[in-house]
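Here, residue 1 is the first one in the sequence, and each next residue gets the next number. As a basis for the values below, the full set of heavy atoms in this structure was taken, side chains included, without hydrogen atoms, waters or symmetry mates. Everything numeric in this text was worked out from a predicted model, so none of it was measured.
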Amino acid sequence: MSDADKPLNKKDQKRLDEKRGEGTGKDYVPFIKVGEFSSSGESVRVKSATVGRVHHLFSGNELAAFLVFDWCEEVIDIREQFPIPLADSLIICRQLGIRHPQEKGELKIVTTDLIIDFVDGSQLAIPVKPALKLDDKRIVEKLQIEKAYWEAKKVPCPIFTDQEVSNELKMNLKWIKPLIDLDTEVEYPFSKQDVIELAARLAKQPKAYVARHCAKLDDQYQLEEGTHIGIFRYGIANQYLKASLETPFTEWKCEDVELVDSDSADLEVGNAS
């Protein structure tokens, strides 16, 4: 039996019936959600500052790639677990002479991990894979399908691997992940107003290291040890504050941090890129 004559996986058909993978911005629903698909144990649901909805990511590498683009001012939309139409993937497999992805005799929808839309109208399609798995035949074939589909649409399709994730970025992600993971039941008694007030305090010492200065502020305001750095961490995780994720948070100076979307024009903290 040829691949074209095989039935579509019932779960995937249900997702299509539910309009998964359709829409843009806040209206987009990923084809696969956390909890529906086995992963490496690093699955995470995070809210995007760019799009304003919850995104479903299945690995630390996906989270890293997602945050890089979510923090990019030129990005206007991010769609994860984006489905490639079955008719197209079947044609591509026939042209490439490879077997279409399937499970127990049923065809599986091919998805691309991240689709990025930029303000200038351009797009990127980004498969995220561990570098060590790039010699796996089935993974290579799936990547070939994605590459052929997107490049036919004039959309670049670069592969994002863990080799693109620096040690500094990994360190920062580990630091903020408990605060951005919606499935991590941690309560933080902070607000955006707390972050704005902290930003004003940091702005008075632009050359000071954030972590050290936060400790001094705890003493100055007679607050429990770790209060100010907790507010700062909360601000970074919620993107009220921004700094370069390629620099370890322990090395951020107050002038390296930017207060985002504040109603008070005089509350600026450096000019982070």
Side-chain angles (χ1 to χ4, degrees), residues 8-39 42-90 92 101 107-128 142 145-147 149-158 160 173 176-177 179-185 192 236-240 242 260-261 263:
L8 178 60
N9 176 271
K10 294 179 179 61
K11 290 182 180 179
D12 281 1
Q13 182 61 62
K14 185 174 183 292
R15 293 179 178 120
L16 291 176
D17 293 341
E18 293 173 351
K19 308 297 183 183
R20 300 273 193 100
E22 297 184 15
T24 58
K26 290 185 178 181
D27 296 326
Y28 177 79
V29 180
F31 191 71
I32 305 170
K33 296 181 179 182
V34 167
E36 299 176 337
F37 181 80
S38 61
S39 66
E42 295 182 303
S43 297
V44 58
R45 297 187 310 131
V46 300
K47 188 169 183 179
S48 163
T50 300
V51 185
R53 69 169 176 83
V54 175
H55 292 253
H56 294 247
L57 308 167
F58 289 94
S59 70
N61 289 339
E62 281 188 26
L63 176 62
F66 169 80
L67 288 179
V68 166
F69 289 103
D70 196 35
W71 284 44
C72 177
E73 293 181 357
E74 289 75 30
V75 172
I76 59 173
D77 197 6
I78 304 173
R79 287 170 286 173
E80 75 279 21
Q81 321 308 332
F82 186 92
I84 292 175
L86 180 61
D88 291 293
S89 57
L90 281 168
I92 292 169
L107 300 176
K108 294 289 293 179
I109 294 292
V110 177
T111 58
T112 296
D113 295 311
L114 297 171
I115 306 299
I116 313 297
D117 292 285
F118 295 91
V119 67
D120 64 1
S122 63
Q123 289 184 308
L124 277 179
I126 304 178
V128 180
K142 181 178 179 294
I145 297 169
E146 293 181 69
K147 186 178 181 66
Y149 176 78
W150 291 110
E151 291 189 349
K153 292 183 171 296
K154 309 299 182 186
V155 175
C157 187
F160 187 97
L173 291 180
I176 65 173
K177 185 176 183 293
L179 285 84
I180 63 177
D181 186 349
L182 297 178
D183 296 316
T184 300
E185 296 193 10
K192 183 177 181 179
I236 289 291
N238 287 279
Q239 296 200 42
Y240 300 143
K242 283 190 178 184
V260 180
D261 193 29
D263 295 329

Glu18: what forms a side chain to side chain donor-acceptor pair (under 3.5 Å) with it, not counting sequence neighbours? Lys14, Arg20
Might you point out which heavy atoms bring Ala125 and Val155 nearest each other, and give the distance in Å? N-CG1, 3.7 Å
Can you tell me how far apart CG (Leu173) and CG (Leu67) are? Round to the nearest 0.5 Å. 5.5 Å
When rounded to the nearest 0.5 angstrom, what distance separates CD in Glu74 from OG in Ser122? 9.5 Å
How far does CD1 of Ile180 sit from CD1 of Ile176, to the nearest 0.5 angstrom? 4.5 Å
If you look at every heavy atom in Tyr28 and Phe82, which pair is closest and at what distance? OH-CA, 3.4 Å
Derivation of the salt bridge (Lys or Arg N to Asp or Glu O under 4.0 Å) call for Arg45 and Asp181: CA-CA 6 Å; Arg45 297 187 310 131; Asp181 186 349; over 6 Å; no
Rounded at 0.5 Å granularity, tell me how far CZ in Phe58 sits from NZ in Lys33. 10.5 Å
Is the backbone N or O of Lys47 less than 3.5 Å from a side-chain atom of His55, with the two atoms forming a donor-acceptor pair by type? no
Do the side-chain N and O atoms of Asn61 and Ser59 include a donor-acceptor pair separated by under 3.5 angstrom? no
Give me the atom names and distance for the closest heavy-atom approach of Phe66 to Leu114. N-CD1, 3.9 Å
Taking the side chain from Gln81 and the backbone from His56, do they hold a donor-acceptor pair closer than 3.5 Å? yes
How far apart are the closest heavy atoms of Val75 and Thr50, and which atoms are they? O-CG2, 3.4 Å
Under the 3.5 angstrom rule, does the side chain of Asp77 hit a backbone N or O of Gly25 as a donor-acceptor pair? yes
Between Lys26 and Val51, the two heavy atoms sitting closest are CG-O, 3.1 Å
Full working for side chain to side chain contact (heavy atoms under 4.5 Å, CB included) between Val46 and Leu57: CA-CA 8 Å; Val46 300; Leu57 308 167; 3.9 Å; yes
Between atom CG of Asp12 and atom CD1 of Ile32, what is the distance when rounded to the nearest 0.5 Å? 6.5 Å
Verify side chain to side chain contact (heavy atoms under 4.5 Å, CB included) between Arg79 and Thr24, making sure each step is shown before the conclusion. CA-CA 7 Å; Arg79 287 170 286 173; Thr24 58; 4.0 Å; yes
With Ile126, which of Val68, Ile116, Thr112, Ile115 fulfils side-chain contact (heavy atoms from CB on, under 4.5 Å)? Ile116
Please list all pairs meeting salt bridge (charged side-chain N to carboxylate O under 4.0 Å, His left out) that have one or both residues in residues 53-69, counting only residues at least two apart or in different chains. Arg53-Glu80
Residues passing the side chain to side chain donor-acceptor pair (under 3.5 Å) test with Thr111, sequence neighbours excluded, are none
For the residue pair Phe69 and Phe118, establish whether any side-chain heavy-atom pair is separated by less than 4.5 Å. yes
Please enumerate all residues that pass side chain to side chain donor-acceptor pair (under 3.5 Å) together with Asp113, with sequence neighbours excluded. Lys129
For Ile76, enumerate each residue passing the side-chain contact (heavy atoms from CB on, under 4.5 Å) test, keeping only those at least two apart in sequence or located in another chain. Asp117, Val119
Are any non-hydrogen side-chain atoms of Val34 and Val44 less than 4.5 angstrom apart? no
Are the charged groups of Glu36 and Lys11 less than 4.0 angstrom apart, N to O? no
Show, in sequence, the C-alpha distance, side-chain angles and deciding distance for Asp17 and Gln13, and conclude whether the side chain to side chain donor-acceptor pair (under 3.5 Å) test is met. CA-CA 6 Å; Asp17 293 341; Gln13 182 61 62; 3.0 Å; yes
Run the side chain to side chain donor-acceptor pair (under 3.5 Å) test against Lys10 and tell me which residues pass, sequence neighbours left out. Glu106
Name of the residue among Pro83, Ser89, Pro85 meeting side-chain contact (heavy atoms from CB on, under 4.5 Å) with Val110: Ser89
